[in-house]
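Lettering of chains follows the sequences in order, A, B, ..., and the numbering in each one begins at 1.
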Amino acid sequence: MSGEHLSLTLRVWRQDGPEDPGRFETYQLDNVNPHMSFLEMLDVLNEQLIESGDEPVEFDHDCREGICGMCSLMINGQAHGPDRATTTCQLHMRRFRSGDTITIEPWRASAFPVVRDLVVDRSAFDRIIQAGGYVSVNTGNAPDGNAIPVPGTVQETAMDAAACIGCGACVAACKNASAMLFVSAKVSQLAMLPQGQAERTRRVLGMVTQMDEEGFGACTNTSECEAACPAEISVSHIARLNREYVRAALTAG
Amino acid sequence: MGSVSRILSLPARLLAQVPGLGPVVQAAATSVGQKILMAVTGFLLCGFLVTHLAGNLLLYAGEERFNHYAESLHSWGVVLNAAEAGLLALFLAHIGLAISTTAMNRQARRHRYAEKDSKQDPTAIPGGASSWMVVTGILIAFFLILHVTDMRLKMNPVVDYEAAVQDGTMSEFRAVHLVLTSYATSWGYVVGLIALGIHLSHGVRSAFQTLGISHPRWNGLLDIAGQLFAWVITLGFLSLVVLAALRSVS
């Protein structure tokens with residue numbers, strides 16, 4: 001199974017620019033090595049397109065090892081493809097069979113406008129992070145390791161939230177294009193730690209307000225985001241965001 | 001549109017004038033705030049369902065006991081009317097918030113996917129109920145209109161309410177029986193109640209999460225409790241329709 005090269009039909013979303021209505025183009029790709037990653041397969045497609053004088057397909061990518069959050073893609077209707085806890089760059093072509101038709105679309109959300117082809121503008125996430133403000137941490141000498149006590153379980157949960165790479169798969173997979181999993185991860189990672197207490201109230205109110213302003217949807221608690229998240233962020237962080245929000249609404253100002 | 005939204009936001013603007021409530025009203029306007037209000041109104045409506053079912057289960061106890069319950073409830077007079085108005089306000093708030101958040105959600109994805117699939121375990125309880133909240137909500141709203149027309153206003157044209165009058169006074173027990181044994185109406189009740197069960201099977205569990213009530217130790221139990229509440233309430237009400245059918249046979 002793994003030695004055989006694959007013949008694939010690719011249905012790829014092509015869009016010349018933000019204002020272009022866009023359309024699907026179908027490409028035939030033969031001799032696909034099953035050991036290639038999904039992005040390498042697209043590289044091969046682009047080489048083939050360039051050789052035949054066509055425009056290559058634009059797609060986001062950077063580290064290609066699952067930690068940067070740049071790659072995206074809705075692959076056969078699933079964010080980052082069919083596997084759980086996997087980014088598109090970590091998805092291998094051995095997951096597909098020869099003769100398969102693969103539909104590739106960009107993230108679809110009003111807050112993530114398409115820039116070109118499969119590239120979307122995710123700067124809405126950056127503005128949400130900015131709306132959260134800063135963290136008051138003293139600079140200077142490295143602090144003593146145990147100067148600020150943090151229970152191990154709390155530290156682990158905060159670290160789980162901090163694993164979010166901001167790729168936007170949660171928004172892409174959510175039927176409401178809601179950014180709640182992303183925002184909850186960013187709120188949780190600081191709300192749980194002593195270093196994040198000073199701006200705790202202001203942060204959650206600011207981030208939620210910005211999230212709405214960017215045009216993301218509301219949370220219906222379907223947990224589709226959790227299943228799609230390559231960093232396996234839990235929806236328990238959404239519950240924490242809701243608690244933080246109630247607390248802030250009652251104590252702010 | 002501007003004047004409509006000004007009128008609709010009037011209660012919120014009045015509340016914001018109350019000392020201390022300004023920031024709360026402001027926070028309630030966001031998507032998170034609206035979902036929290038949705039959960040709170042949902043829970044309060046669940047409280048109504050419990051008392052409503054508890055009272056209605058007296059239909060099993062027979063005509064005298066049920067009519068006595070109905071009379072004592074009616075004897076509350078103005079207090080009962082105030083409670084009814086409060087209940088109506090809760091329903092309208094819940095529906096208004098649903099319209100508002102659904103509009104938000106539609107706006108958030110104007111361009112839909114050509115293909116969309118799920119990564120969730122398809123066998124996981126409660127299945128796809130979360131995708132049916134708007135549809136089941138609309139069905140419940142229609143059922144409520146039917147239900148209030150039947151039982152509260154007694155204006156269902158296919159029911160002969162005169163037949164329920166005993167010695168010059170309306171027997172609520174007989175009126176309920178007539179409504180529940182009217183063929184078309186009873187099927188409306190069955191459909192409405194099943195829609196309620198589906199709605200609650202996601203809504204109750206979801207409301208806990210929205211209010212931030214979540215803990216790895218308790219989440220499994222909350223899953224079960226949410227399903228149990230939804231279907232005990234639904235089967236409780238459905239049993240009254242079946243009871244009426246059985247009584248009309250015997």
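Residue B/Arg112 comes nearest to A/Glu105 through the heavy atom pair O-OE1, 4.3 Å, listed as atom of the first residue, atom of the second, then distance.
More than 12 heavy atoms of other residues, nucleotides or ligands lie within 6.0 Å of CD in A/Gln28, so this atom counts as buried by the packing criterion. The environment of CZ in B/Phe142 is sparse: at most 12 heavy-atom neighbours from other residues, nucleotides or ligands sit within 6.0 Å. For B/Arg152, the CZ atom is loosely surrounded, since the number of other residues' heavy atoms within 6.0 Å does not exceed 12.
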Discussion item. Please determine whether side-chain contact (heavy atoms from CB on, under 4.5 Å) holds for the pair B/Val32 and A/Met180, giving the CA-CA distance in whole Å, both sets of side-chain angles, and the decisive distance to 0.1 Å.
Written reply: CA-CA 9 Å; B/Val32 177; A/Met180 282 289 275; 3.8 Å; yes
Discussion item. I'd like to know whether A/Arg108 forms a side-chain contact (heavy atoms from CB on, under 4.5 Å) with B/Lys116, so could you lay out the CA-CA distance, the side-chain angles of the two residues, the decisive distance to 0.1 Å, and finally the verdict.
Written reply: CA-CA 11 Å; A/Arg108 298 264 185 225; B/Lys116 182 75 175 74; over 6 Å; no
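In this structure, chain B has a heavy atom under 4.5 Å from the side chain of A/Tyr245, while its backbone stays farther away. The contact between A/Asp212 and chain B is made entirely by side chain atoms (from C-beta outward), counting heavy-atom distances below 4.5 Å. The part of B/Gln107 that comes within reach of chain A is its backbone (N, CA, C, O), which places non-hydrogen atoms under 4.5 angstrom from that chain. For A/Phe24, the part lying under 4.5 angstrom from a heavy atom of chain B is the side chain only. When heavy atoms are compared at a cutoff of 4.5 Å, A/Val235 approaches chain B by way of both its backbone and its side chain.
Taking NE2 of B/His111 as the start and CH2 of A/Trp13 as the end, the distance is 4.0 Å to the nearest 0.5 Å. Distance CD/B/Glu115 to CD1/A/Ile75: 11.5 Å, rounded to 0.5 Å. Rounding to the nearest 0.5 angstrom, the gap separating the CE atom in A/Met211 from the OG atom in B/Ser31 is 3.5 Å.
Although no hydrogens or angles enter the test, the distance criterion places no donor-acceptor pair under 3.5 Å between the side chain of B/Arg106 and the main chain of A/Gly217. Remark: side-chain polar atoms of B/Lys119 are paired, donor with acceptor, to backbone N or O of A/Ala79 under 3.5 angstrom. A donor-acceptor pair is defined here as one N or O able to donate and one able to accept, closer than 3.5 Å; no such pair exists between the side chain of B/Asp117 and the backbone of A/Gln78. Between the A/Asn242 side chain and the B/Gln209 main chain, a donor and an acceptor come within less than 3.5 Å of each other.
Ranked by heavy-atom pairs shorter than 4.5 Å toward chain A, the options B/Thr210, B/Leu211, B/Val24, B/Thr102 are led by B/Thr210. Interface summary for chain A: among B/Pro23, B/Ser214, B/Ser118, the most heavy-atom pairs under 4.5 angstrom belong to B/Ser118.
Heavy-atom neighbours of chain B within the stretch residues 219-232 of chain A, taken at a separation under 4.5 angstrom, comprise A/Cys219, A/Thr220, A/Asn221, A/Thr222, A/Ser223, A/Glu224, A/Ala227, A/Ala228. Identified by a heavy-atom distance below 4.5 Å to chain B, the contributing residues of residues 81-90 of chain A are A/Gly81, A/Pro82, A/Asp83, A/Arg84, in residue-number order.
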